[in-house]
Amino acid sequence: MLLAEVARVSKEVAETSARSRKTALLAGLFADAPPEEAGLVISYLSGRLPQGRPGIGWRTLGQEAEPADAPTLTVLDVDTAVGELAATRGAGSVERRGRVLAGLLGRATAAEQVFLRSLLSGEVRQGALDAVALEGVAAAAGVPAADLRRAVMLDGSLPRVAAAVLAEGAQALCTVTLRVGRPVQPMLAGTAKSVAEALGALGPCAVEEKLDGIRVQVHRDGADVRVYTRSLDEITERLPEVAELARSLPGERFILDGEVIGRAPDGRPVPFQEIASRVGSRVDVGAARRTLPVVPCFFDVLAVGEDVLLDLPVRERYAALAALVPEDARVRRLAVEDPGEQEAEAEEFWAETLRRGHEGVVVKGLDSAYAAGRRGRHWLKVKPVHTLDLVVLAAEWGHGRRTGLLSNLHLGARTAEGTYAMLGKTFKGLTDQMLRWQTEALRALATSDDGFTVRVRPELVVEIAYDGLQRSSRYPAGVALRFARVLRHRPDKTAAEADTVATVLAAHAA
DNA sequence: CAAAGCGCATC
DNA sequence: GTCGGAT
DNA sequence: ATCCGACGATGCGCTTTG
């Protein structure tokens, strides 16, 4: 199949807003794809490369290339080139990769270049990724989307399952089962503003501590233990403690879901950044382990022995977990069978969890199944929110649907010297109307515009919500906001009324 | 040989 | 990771 | 109820640059 066809459909998908129409466009192409190329086509149109990230970023993609006049590239040609890109490493690799990329782009028409650049950069921006492509596959193969979705969650790969179902039909889905040793898309949590709100939404539930670490899925089959991240990358070698603990458990075969954290000598959890550093260290795991040992805390079990537990309710899965994992390797939890009667108890659990230094709680419906790969409304996370009044120091021009609007705000707190210390940026929480308003308001305050960033007189105050502070080597206060978002503009306030660095730091002093 | 730049992963 | 918009 | 895309800070490892 020609890349031109894929690029054309991608463009059409991008230009239609209705999801049903996107699905139909994708289904048409998937049905046309030769069986041996279907996986590739589906992968590209769901915005992924089978090789994963190819080591090509905005910098490398910046190079210009004279487009070809006529489309000759096939998807197999692209796959070959991407394989080369991904395999290129060592001294001189940047230049070699650049040449391979130039060669590929040189064989592509202008339209194909647009698609290739977006695909390689990881931002297809066609309003359709995995989920919509999955609908397209289901339509093309004539199978129920729900059946296909379940198979993909268990298998972990849409292109693989899709190729099989297009070739063999619905029966291909029957052979996909949960297997120990093959990672499953983890279930995700929605958000609630308060414990009371979560209790009200869920009824009988479990309130669990939410640990601020790295999500892990641990598979054991006899002596073979593997640890996977949330994105299903295998990180077993980086976390020997986790593998050791899994081997020590009284079960030969299981799949556990949990979070890896570190504990200070007093038992309190170490900051997320330290865990990220530890889990990210690959070259000298021994040294990293000595510096910061980690512990897994499990909160779910997806399989044990020959039994698949995904469809069992939380209460039964937790009983299985308790039978397998000792208490000190499990998350603390409170069962709330009667939310009406136990609200105070739940609130106290939340307060105690925060006193222990954890991130918040996750509230789970006791009768819900494990919805692999979904952001279930049966799991709701609750975290404390902090707010500040900060001053806009600059704003960046937006992209995509925010083109022409000032979007990303540089946020400053007042210093003792009467200047402003930047604490981070945010573009979140802004409605279209707020974007329009701030674009005009900031234009009026502009002191410079380099086409990327507009610097402004520090006069506009914004109310910012954030989750906490993190150590920063980039920002002058030595600290940055985590997950900052705009609550509202405060044109009624003057910059002199904004919060100071000192009060920000004081609010988080332990 | 150290610093900077880049890409990619976590949240 | 959070959030708003669209379906 | 879902999905998507608008982009955040940070740390590691690799490669290039000074």
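Residue numbering restarts at 1 for every chain, and letters A, B, ... go by the order of the sequence lines. Everything numeric here is computed off the predicted structure, so don't read it as measured data.
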Sugar-phosphate only, base, or nothing, as touched by L430(A) at under 4.0 Å among non-hydrogen atoms: sugar-phosphate
Nearest-nucleotide 5' precedence on DNA chain B, I56(A) against D212(A): I56(A)
Short side-chain N/O contact to dC3(C) OP1/OP2 from T431(A), under 4.0 Å: no
Minimum-distance nucleotide (side-chain atoms of T229(A) versus dA6(C), dG8(D), dT10(B)): dT10(B)
Separation of dC8(B) C1' from R48(A) CZ (nearest whole Å): 14 Å
Atom-to-atom span, CZ of R402(A) to C1' of dC7(D) - whole angstrom: 8 Å
Any donor-acceptor N/O pair, E12(A) side chain to L25(A) backbone, under 3.5 Å: no
Geometric class of the W437(A)/H489(A) ring pair [parallel <30°, tilted 30-60°, perpendicular >60°]: tilted
Separation of atom CZ in R215(A) from atom C1' in dA9(B), rounded to whole Å: 16 Å
Mind listing the N/O atom pairs, protein and nucleotides 12-15 of chain D, below 3.5 Å?
from    : atom 1 : to      : atom 2 : distance (Å)
dC12(D) : OP1    : S277(A) : OG     : 2.6
dC12(D) : O3'    : G280(A) : O      : 3.2
dG13(D) : OP1    : R282(A) : N      : 2.6
dG13(D) : OP1    : V283(A) : N      : 2.9
dT15(D) : OP1    : G90(A)  : N      : 2.1

Distance below 4.0 Å between S231(A) side-chain N/O and dT10(B) OP1 or OP2: yes
Separation of dT7(C) C1' from K22(A) NZ (nearest whole Å): 10 Å
Check ion pair R149(A)-E135(A) (N to O, under 4.0 angstrom): yes
Check ion pair E396(A)-K425(A) (N to O, under 4.0 angstrom): yes
Residue K383(A), side-chain atoms from C-beta onward, closest of dC11(B), dT2(C), dC7(D): dT2(C)
Q433(A), CD: over 12 other non-hydrogen atoms inside 6.0 angstrom: no
Selection: residues 467-491 of chain A, any non-hydrogen atom under 4.0 Å of DNA chain C: F483(A), R485(A)
Main-chain N/O of R97(A) paired with T88(A) side-chain donor or acceptor, under 3.5 Å: no
Residue-phosphate contact under 4.0 Å: T60(A) side-chain N/O, dG7(B) OP1/OP2: yes
Nucleotide dT2(D), atom C1' - distance to CG of L134(A) in whole Å: 13 Å
Sugar-phosphate, base or nothing in reach of P271(A), heavy atoms under 4.0 Å: nothing
From dT7(C), dC8(B), dC3(C), nucleotide with atom closest to S17(A) side chain: dT7(C)
Pairing of E208(A) and K364(A) as salt bridge, 4.0 angstrom limit: yes
Extract from the structure each pairing of a protein N or O with an N or O of nucleotides 3-5 of chain D at less than 3.5 Å, listing the distance.
from   : atom 1 : to      : atom 2 : distance (Å)
dC3(D) : OP1    : R374(A) : NH2    : 2.8
dC3(D) : OP2    : R374(A) : NH2    : 3.4
dC3(D) : O4'    : R19(A)  : NH1    : 3.3
dC4(D) : OP1    : L129(A) : N      : 2.7
dC4(D) : OP1    : L129(A) : O      : 3.4
dC4(D) : OP1    : A131(A) : N      : 3.3
dC4(D) : OP1    : V132(A) : N      : 3.1
dG5(D) : OP1    : Q126(A) : N      : 3.0
dG5(D) : OP1    : G127(A) : N      : 2.5

Test side chain to side chain contact (heavy atoms under 4.5 Å, CB included) applied to V294(A) and I261(A), V216(A), V270(A), I275(A), the passing residue: I275(A)
Aromatic ring proximity, centroids under 6.0 angstrom, Y370(A) and H378(A): no
Test side chain to side chain contact (heavy atoms under 4.5 Å, CB included) applied to L173(A) and V143(A), D155(A), V152(A), the passing residue: V143(A)
D449(A) bridged to R443(A) by N-O distance under 4.0 Å: no
H399(A) side-chain proximity, nearest of dC11(B), dA6(C), dC7(D): dC7(D)
NZ/NE/NH1/NH2 to OD/OE distance under 4.0 Å, D432(A) and R402(A): no
Distance in angstrom units between D233(A) CG and dA9(B) P, rounded: 6 Å
Atom-pair distance (NZ on K425(A); P on dT10(D)), nearest Å: 11 Å
K381(A) NZ to dT2(C) C1', straight-line distance once rounded to whole Å: 9 Å
W58(A) vs dG7(B): side-chain N/O to OP1/OP2 distance below 4.0 Å: yes
Check ion pair E234(A)-R226(A) (N to O, under 4.0 angstrom): yes
Sugar-phosphate only, base, or nothing, as touched by G213(A) at under 4.0 Å among non-hydrogen atoms: sugar-phosphate
Phosphate contact (dG8(D) OP1 or OP2) by N408(A) side-chain N/O below 4.0 Å: yes
Contact nearer the 5' end of DNA chain B, comparing E259(A) with L61(A): L61(A)
